[in-house]
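None of the values given here were measured: they were computed from a predicted structure.
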Amino acid sequence: LTQGRDGGRRRAIVAIDRSSGKKLWQHEVPCSVEETSHRDNPPCSGSPATDGTAVYAHFASAGVVACDFSGRELWHRDLGPVLHKWGNGTSPVIYKNLLIIYQGPGEPTFITALDKRTGKTVWEKKEPGINSGVFGSWSTPVVITVGGRDELIMPLPGDRVGGDGEFKAYDPMTGDELWRCVGLGTEVYTMPVISAAHDLVIGISGHNGPTMAVRPGGRGDVTDTHRLWRTTSNPQRIGNGVLHDGHLYLADADGFAECLDARTGERIWKERLAGKLWGSMLLADGRLYVSNLEGQTFVLAASPKFDLIATNDTGERTYSALAVSNG
């Protein structure tokens with residue numbers, strides 16, 4: 001896990017025995033930068049990543065750190081401050097021998113690939129960055145394979161406040177841009193939602209911005225050729241949706257869950273659950289799990305017919321998405 005301590009002045013990777021809850025080790029790095037953030041976005045909101053030999057965390061202004069499974073630091077890299085007024089929340093992505101980091105939002109913003117063994121820069125791609133409350137991406141890129149080609153897909157805001165956001169796809173080994181598709185909003189919190197066949201990518205904007213579906217695998221500006229649908233009237237959405245059997249399942253900050261036809265964007269059902277649904281949806285064994293800020297987790301059937309199976313209450317506020325392990 002990642003954890004902000006002492007108001008974010010210390011940032012930690014914490015290892016916990018999953019069978020007992022006992023803390024095994026904790027490795028901290030200091031942060032001397034006074035970051036700003038939204039009150040509901042504490043420091044270290046990005047998740048760590050592992051390749052089975054090391055664990056990596058992106059601590060924004062405190063840099064990127066790699067540890068072995070005993071908690072020994074392998075390397076630490078300072079990428080500069082991240083000073084957007086609403087904070088940050090991206091997670092590192094592992095691709096072959098690279099650790100890919102989105103450093104943003106705010107100014108400057110860039111995507112960089114580090115050698116996961118040393119932390120040294122392999123490539124860097126600058127992107128528009130504006131420290132505005134209505135502009136920025138808190139997303140994490142996703143790597144997919146399309147027609148034998150690997151694509152690193154990232155939702156990004158436009159090049160100005162009020163400008164359309166877009167999907168961009170890069171060659172993950174070099175950082176070269178492969179394609180772009182315009183139509184997202186100026187704020188994006190969620191990761192790209194990918195179909196199992198890697199033939200559909202869905203972007204979900206925040207701040208009532210658009211939701212859109214794109215066919216990957218193109219070249220250059222594919223807005224006119226590969227964008228399948230776009231809905232412009234949407235509620236505020238924070239957490240990721242999921243795709244299952246041709247349906248897109250979403251949750252919004254107003255407490256509603258929703259099912260759309262993934263190929264057309266047509267709504268199939270929309271039902272109120274409760275509270276503010278900030279957690280990303282988890283799909284497991286034909287069921288959807290989603291949590292709200294108030295600490296409830298709702299279990300739904302992953303079905304074009306709405307079916308609320310259970311509601312479970314932890315009795316305390318919950319900001320995170322659920323994680324699944326060993327089935």
Can you find a side-chain donor-acceptor pair between [X] and [Y] that sits under 3.5 Å?
| X | Y | answer |
| --- | --- | --- |
| Thr121 | Arg77 | yes |
| His207 | Gln236 | no |
| Ser291 | Thr297 | no |
| Thr311 | Gln296 | no |

Classify the ring geometry between [X] and [Y] as parallel (under 30°), tilted (30 to 60°) or perpendicular (over 60°).
| X | Y | result |
| --- | --- | --- |
| Trp138 | Tyr189 | tilted |
| Trp278 | Tyr319 | perpendicular |
| Phe167 | Trp179 | perpendicular |

Next item on the list: For salt bridge (Lys or Arg N to Asp or Glu O under 4.0 Å), just list the numbers for Arg215 and Asp199, CA-CA rounded to whole Å, side-chain angles, deciding distance to a tenth of an Å, and then say yes or no.
Entry: CA-CA 6 Å; Arg215 180 165 47 87; Asp199 61 348; over 6 Å; no
Is it true that [X] and [Y] fall in one hydrophobic cluster, defined by side-chain heavy atoms closer than 4.5 Å?
| X | Y | value |
| --- | --- | --- |
| Phe256 | Leu308 | no |
| Tyr102 | Ile153 | no |
| Tyr95 | Leu99 | no |
| Val242 | Leu300 | yes |
| Phe69 | Val64 | no |

Side-chain contact test, heavy atoms from C-beta onward, threshold under 4.5 Å: evaluate it for [X] versus [Y] and give yes or no.
| X | Y | value |
| --- | --- | --- |
| Val188 | Leu156 | no |
| Leu184 | Glu166 | no |
| Asp313 | Glu294 | no |
| Leu83 | Val33 | yes |
| Val222 | Arg180 | no |
| Leu248 | Cys259 | no |
| Thr145 | Asp150 | yes |

Between [X] (side chain) and [Y] (backbone), is there a donor-acceptor pair under 3.5 Å?
| X | Y | value |
| --- | --- | --- |
| Asp6 | Gly8 | no |
| Thr318 | Ser320 | no |
| Ser137 | Glu187 | no |
| Asn240 | Ser280 | no |
| Ser195 | Leu200 | yes |
| Trp86 | Asn41 | no |
| Arg227 | Val182 | yes |
| Asp115 | Gly119 | no |
| Thr231 | Ser233 | no |
| Tyr249 | Ser303 | yes |

Taking atom [atom1] as the centre, does [X] end up with more than 12 heavy-atom neighbours from other residues, nucleotides or ligands that are less than 6.0 angstrom away?
| X | atom1 | answer |
| --- | --- | --- |
| Glu177 | CD | yes |
| Glu124 | CD | yes |
| Lys270 | NZ | yes |
| His244 | NE2 | yes |
| Asp17 | CG | yes |

Looking at [X] and [Y], what are the two nearest heavy atoms and their distance?
| X | Y | value |
| --- | --- | --- |
| Gly129 | Thr109 | CA-OG1, 3.6 Å |
| Thr2 | Gly46 | OG1-O, 2.8 Å |
| Asn292 | Ala274 | ND2-O, 3.0 Å |
| Ala262 | Ala213 | O-CB, 4.4 Å |
| Ile202 | Thr211 | CG2-CG2, 4.0 Å |
| Leu273 | Val290 | CD1-CG1, 4.2 Å |

Item checked: Test side chain to side chain donor-acceptor pair (under 3.5 Å) applied to His84 and Glu107, step by step -> CA-CA 8 Å; His84 193 280; Glu107 191 176 358; over 6 Å; no
Note to self: Checking Asn312 against Val299 for the side-chain contact (heavy atoms from CB on, under 4.5 Å) test, could you report, in this order, the C-alpha distance in whole Å, the side-chain angles of both residues, the deciding distance, and whether it holds?
What the structure shows: CA-CA 8 Å; Asn312 302 299; Val299 186; 3.9 Å; yes
So does [X] pair up with [Y], basic N to acidic O under 4.0 Å?
| X | Y | result |
| --- | --- | --- |
| Glu151 | Arg149 | yes |
| Lys276 | Asp254 | no |
| Arg237 | Glu258 | yes |
| Asp261 | Arg263 | no |

Look up atom [atom1] in [X] and atom [atom2] in [Y], then write down how far apart they are to the nearest 0.5 Å.
| X | Y | atom1 | atom2 | value |
| --- | --- | --- | --- | --- |
| Trp75 | Tyr56 | CH2 | OH | 7.0 Å |
| Leu74 | Lys116 | CG | NZ | 11.5 Å |
| Thr90 | His58 | OG1 | NE2 | 7.0 Å |
| Lys125 | Asp176 | NZ | CG | 7.0 Å |
| Phe59 | Asp78 | CZ | CG | 13.5 Å |
| Thr140 | Ile100 | OG1 | CD1 | 11.5 Å |

Item checked: Check against side-chain contact (heavy atoms from CB on, under 4.5 Å), Leu24 and Ile16 -> CA-CA 5 Å; Leu24 302 175; Ile16 295 173; 6.0 Å; no
Check: Per the salt bridge (charged side-chain N to carboxylate O under 4.0 Å, His left out) rule, which among Arg11, Arg9, Arg5 passes with Glu28?
Finding: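 For Glu28, the salt bridge (charged side-chain N to carboxylate O under 4.0 Å, His left out) test succeeds with only one of Arg11, Arg9, Arg5, which is Arg5.
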Next item on the list: Dump the intermediate steps for side-chain contact (heavy atoms from CB on, under 4.5 Å) on Ile268 and His247, then the final yes or no.
Entry: CA-CA 9 Å; Ile268 297 173; His247 297 98; 3.2 Å; yes
Next item on the list: Just do the side-chain contact (heavy atoms from CB on, under 4.5 Å) check on Val93 and Val143 with the steps written out, would you?
Entry: CA-CA 8 Å; Val93 173; Val143 178; 4.2 Å; yes
